[in-house]
Amino acid sequence: MGTTSFLKRVRGLLRIRNQLVRECLAELLATFMLIIITLSSSAQKITSSEMKGNLLTSYLGGALAVMVGVYTAGGISGAHMNPAFSFAMCLIEQFPWWKFPIFVVVQTLGSFISAGAVYILYYDAIWHYSNGTLTVSGPRETASIFATYPADYVSITNGFLDQVIGTGVLMLGVMGIMDTRNKAVPKGLEPVVVALLVLSIESSMGANCGCPLNPARDLGPRLFTYVAGWGPEVFRWVQRRG
């Protein structure tokens, strides 16, 4: 009884009553879960000889990460995890504009923290694979573990259109899944269907630029690589592989 009473008091002290703070923490956690699984999948694809070049594994990891993120915080913050989605929700008046910049900052922060966690998790693998040199291009580059880079043949214009179209397809698909007037998805399975949507887009539109579909997913980890030793080259239009 004493232990139970003590735990109740602790929970009461730690309980966050401010709704905005609760939503921000939930969004931070959801984005963290999304990005840590996504980047870990990329790290395995690049640094592991057994999984070298296995795009399907990487795409599957990223899609399932979306499902995990939505199940983690969907009931609290909506688990946007993506500034593009938050922006779309504002446009259709399902999300207040004043929260938009707050969520963008939280999502980017969650991505940055996730990148740091993946760097720690794969520290030995990254340094072993890269021969002790952190590069953005070339046969031993490791920057694409964290952010997406275009294929050699992709121009800036084509890369921009690639992301506009890919993100647009994602937003349209999610809106269709969420629309209760549309063909209903069984309750509780919406995250699974969204994950399948993401997998289908990544599998069909990932060749040009890696298909991030999420400004926070790319910017947060890219900022991390900048401060962690890859340098300012992470912000240049570079080849993904040499």
Side-chain angles (χ1 to χ4, degrees), residues 28-73 79-82 84-85 107-130 134-136 139-151 162-163 166-167 169-170 173-174 191-225 228 230 234 240-241:
L28 181 72
L29 181 59
T31 306
F32 176 85
M33 296 297 288
L34 166 68
I35 305 303
I36 193 171
I37 296 173
T38 300
L39 299 188
S40 293
S41 299
S42 297
Q44 288 194 139
K45 176 177 72 72
I46 290 173
T47 63
S48 172
S49 58
E50 290 78 11
M51 304 182 71
K52 187 73 174 175
N54 193 334
L55 284 175
L56 180 59
T57 300
S58 179
Y59 290 157
L60 185 59
L64 293 177
V66 174
M67 179 187 69
V68 173
V70 176
Y71 276 127
T72 298
H80 293 190
M81 304 179 291
N82 186 340
F85 182 74
Q107 291 156 359
T108 305
L109 177 61
S111 298
F112 184 92
I113 296 171
S114 299
V118 171
Y119 179 70
I120 293 171
L121 179 63
Y122 281 94
Y123 181 86
D124 290 339
I126 290 171
W127 284 96
H128 173 74
Y129 175 79
S130 65
L134 302 179
T135 60
V136 179
R140 291 283 176 172
E141 65 83 18
T142 48
S144 62
I145 290 174
F146 300 92
T148 55
Y149 294 88
D162 175 87
Q163 288 308 293
T167 305
V169 171
L170 174 64
V174 172
V192 178
V193 178
V194 172
L196 292 174
L197 169 65
V198 172
L199 179 60
S200 69
I201 296 173
E202 289 182 333
S203 300
S204 60
M205 302 182 188
N208 284 339
C209 299
C211 211
L213 307 175
N214 184 340
R217 176 260 180 270
D218 195 82
L219 178 59
R222 196 180 297 270
L223 287 171
F224 174 81
T225 54
W230 279 264
V234 300
R240 184 168 49 184
R241 288 281 174 190

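Computed from a predicted model, the values in this text were never measured in an experiment.
Between F224 and F146, the ring-plane angle classifies as tilted under the 30° and 60° cut-offs. Note on ring orientation: taking the six-membered ring where Trp is involved, the planes of Y123 and Y119 are perpendicular (angle over 60°, cut-offs 30° and 60°).
In terms of heavy-atom proximity, V118 sits nearest to A43 at CG1-CB, 4.5 Å. Of all non-hydrogen atoms in G166 and M205, the two that sit nearest each other are CA-SD, 3.9 Å. Considering every non-hydrogen atom in both R140 and Y129, the closest pair reads CD-O, 2.9 Å. Shown here for L39 and A115, the closest heavy-atom pair between the two residues is CD1-CA, 3.8 Å. Nearest heavy-atom pair, A79 versus A30, reported as atom, atom and distance to 0.1 Å: CB-CB, 4.3 Å. Taking each heavy atom of P221 and A216 in turn, the nearest pair found is CD-O, 3.5 Å.
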- Just do the side-chain hydrogen bond (donor to acceptor under 3.5 Å, both in side chains) check on T47 and Q44 with the steps written out, would you? CA-CA 5 Å; T47 63; Q44 288 194 139; over 6 Å; no

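For the atom pair CG (L170) and CD (Q163), the distance works out to 10.5 Å, reported to the nearest 0.5 Å. Annotation: the span from Y59 atom OH to S200 atom OG amounts to 12.0 Å, rounded to 0.5 Å. Note that CD of E141 and CH2 of W230 are 10.0 Å apart. Values are rounded to the nearest 0.5 Å. If you take CG on L64 and OG1 on T38, they are separated by 9.5 Å, rounding to the nearest 0.5 Å. Separating the CD1 atom in I46 from the CD1 atom in I145 is a distance of 4.5 Å, to the nearest 0.5 Å. The line from OH of Y122 to CD1 of I126 is 9.5 Å long, rounded to the nearest 0.5 Å.
Checking L213, N208, N214 one by one against C211, the side-chain contact (heavy atoms from CB on, under 4.5 Å) holds for a single residue, L213.
No side-chain heavy atom of N82 sits under 4.5 Å from any side-chain heavy atom of T31. You'll find the side chain of L197 reaches within 4.5 Å of the side chain of V174, heavy atoms only. No side-chain heavy atom of T135 sits under 4.5 Å from any side-chain heavy atom of S130. Here the side chains of T225 and V136 are not in contact, with every heavy-atom distance at 4.5 Å or above. When side chains are defined from C-beta on, V66 does not count as touching P191, because their heavy atoms never get closer than 4.5 Å. When side chains are defined from C-beta on, V68 counts as touching I37, because their heavy atoms get closer than 4.5 Å. Taking 4.5 Å as the limit, every side-chain heavy atom of Q107 sits out of range of all side-chain heavy atoms of L28.
Side-chain atoms of W127 and T142 form no donor-acceptor pair, as typed in the model, at a separation below 3.5 Å.
The backbone N or O of I35 lies less than 3.5 Å from no partner atom in the side chain of R217, so there is not a single donor-acceptor pair. When atom types are taken as modelled, the side chain of S111 and the backbone of G220 share no donor-acceptor pair closer than 3.5 angstrom.
Stacking of R222 on the aromatic ring of F112 is not recorded, the 6.0 Å distance cut-off and the 45° axial limit not both being met.
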